[in-house]
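Worth knowing before you read on, the calculation uses all heavy atoms, side chains too, and leaves out hydrogens, waters and symmetry mates.
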Amino acid sequence: MLISTLDRNSLEKFVRDFYVRVVKDGDIGPYFVEALGNDLNDEEWEKHYKLLVDFWWMLMTGEKVYTRDPFEPHLYMSRLTYDSFDSWLKLFKEELELHFEPKIVKKFYKKADVLARNFIKMLEQR
C-alpha cells in the first residue's frame, strides 16, 4: 500500500530503501561506498540516514531540522557528472513510486530535480 501522508517514519524507510538501491547502482553506488563504506548498517551510514531524513523533512515540511550546507560534501567528489545526477534522479523517482502516492511523489521529485540541477550548476562553477 502506497503512503498518502508523509511522516518521519515513512521518510526514514524511503531513505534507507533508496540507498540499498543506490549502492547496487554501477554509476552512483561507488561514490557512496567510497565515502561511507559498503555496510549499510554501520555508524557512518546511520549518521548519513539521519542527516538525510532531516534534510528531506525540512524540504518537504519547512521545519528547520537540517542546518548544514547540502552542497559542501559533494565538492569533494571529483568525478561527479551530469549523468551521475541523472542516474540519482532516476533511482530516486523509482524508489519514491514504490513508497508514496503520486501527489507526494510529484512534490518530492520536483524538489529533488531542482536540487540536482542546482548541484550541477554549483559544480560547474567550482
Side-chain angles (χ1 to χ4, degrees):
M1 174 178 254
L2 296 177
I3 297 165
S4 61
T5 305
L6 184 67
D7 62 29
R8 287 189 65 91
N9 288 335
S10 61
L11 180 58
E12 182 174 349
K13 176 152 180 36
F14 162 75
V15 166
R16 288 176 178 275
D17 289 352
F18 174 61
Y19 281 97
V20 167
R21 180 183 290 249
V22 164
V23 296
K24 292 177 183 176
D25 183 77
D27 182 29
I28 63 173
Y31 294 118
F32 292 93
V33 170
E34 182 180 314
L36 300 167
N38 60 3
D39 180 357
L40 296 172
N41 296 309
D42 77 2
E43 187 177 327
E44 289 303 308
W45 275 100
E46 290 299 326
K47 288 183 212 174
H48 189 64
Y49 297 141
K50 181 183 180 336
L51 195 67
L52 289 174
V53 169
D54 286 348
F55 175 74
W56 286 108
W57 185 254
M58 181 187 73
L59 283 183
M60 294 297 287
T61 68
E63 187 179 326
K64 304 289 184 206
V65 292
Y66 181 88
T67 58
R68 299 172 71 177
D69 176 3
F71 180 68
E72 184 181 354
H74 300 85
L75 283 173
Y76 307 106
M77 296 178 169
S78 60
R79 301 176 316 247
L80 283 176
T81 65
Y82 294 107
D83 290 342
S84 298
F85 281 100
D86 286 340
S87 293
W88 182 88
L89 278 169
K90 179 180 179 286
L91 294 174
F92 194 80
K93 186 170 187 190
E94 289 171 358
E95 195 63 38
L96 281 171
E97 290 170 340
L98 294 174
H99 288 262
F100 301 106
E101 288 188 354
K103 67 178 182 164
I104 294 175
V105 171
K106 184 178 178 180
K107 180 179 177 183
F108 225 128
Y109 185 77
K110 185 176 180 180
K111 291 180 182 294
D113 186 54
V114 168
L115 181 70
R117 301 299 154 219
N118 286 339
F119 273 32
I120 288 169
K121 287 177 189 172
M122 291 175 154
L123 288 172
E124 287 174 341
Q125 293 173 2
R126 78 176 165 156

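Considering CG of Leu11 and OH of Tyr49, their distance stands at 13.5 Å, rounded to 0.5 Å. Here the CG-OH distance, from Leu52 to Tyr19, works out to 4.5 Å after rounding to the nearest 0.5 Å. One finds the CG atom of Asp17 at 8.5 Å from the CG atom of Leu98 (value rounded to the nearest 0.5 Å). With rounding to the nearest 0.5 Å, the separation of CG in Leu59 from NZ in Lys107 is 10.0 Å. The OG1 atom of Thr67 sits 12.0 Å away from atom CZ of Phe55, with the distance rounded to the nearest 0.5 Å. Note that the CH2 atom of Trp45 and the CG atom of Leu40 stand 5.5 Å from one another [nearest 0.5 Å].
Here the closest non-hydrogen pair linking Lys103 and Ser4 is CE-O, 3.4 Å. Nearest heavy atoms, Ile104 versus Thr5: CD1-N, 3.8 Å. Contact detail for Ile28 and Phe32: the closest heavy-atom pair is O-CD1, 3.3 Å.
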Q.
Using side-chain contact (heavy atoms from CB on, under 4.5 Å), reason through Arg117 and Ile120 one step at a time and then give a plain yes or no.
A. CA-CA 5 Å; Arg117 301 299 154 219; Ile120 288 169; 3.4 Å; yes

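Look at Glu46 and Arg16 and you find a salt bridge, because one of the NZ, NE, NH1 or NH2 atoms lies within 4.0 Å of a carboxylate O, short of that distance. Ion pair Asp25/Arg21 not flagged as a salt bridge, since none of the NZ, NE, NH1 or NH2 atoms sits closer than 4.0 Å to an Asp/Glu carboxylate oxygen. Note on Asp86 versus Lys90: no salt bridge recorded, every NZ/NE/NH1/NH2 to OD/OE distance being 4.0 Å or above. Comment: Glu12 does not engage Arg8 in a salt bridge, judged by the lack of any side-chain N to carboxylate O separation of less than 4.0 angstrom.
For the side chain to side chain contact (heavy atoms under 4.5 Å, CB included) test, residues two or more places apart in sequence or in another chain that qualify with Val33 are Val23, Asn38. Evaluation of the side chain to side chain contact (heavy atoms under 4.5 Å, CB included) rule for Lys47 yields Glu43, Glu44 as partners, not counting sequence neighbours. For the side-chain hydrogen bond (donor to acceptor under 3.5 Å, both in side chains) test, residues two or more places apart in sequence or in another chain that qualify with Ser10 are Asp7.
Relative ring orientation between Phe92 and Phe14 is described as perpendicular, the plane-to-plane angle rising above 60° on a 0-90° scale split at 30° and 60°. The aromatic rings of Phe108 and Trp56 are tilted relative to each other, their planes meeting at an angle between 30° and 60°.
Proximity of a side-chain donor or acceptor of Lys111 to a complementary backbone N or O of Met60 within less than 3.5 Å is not detected.
In the hydrophobic clustering of ILVMFWY residues, with side-chain heavy atoms under 4.5 Å counting as a link, Leu2 and Leu96 come out apart. Linking ILVMFWY side-chain heavy atoms closer than 4.5 Å, directly or via other members, places Val114 and Val105 in two distinct hydrophobic clusters.
A 4.5 Å side-chain heavy-atom check between Lys50 and Val53 finds every atom pair outside the cut-off.
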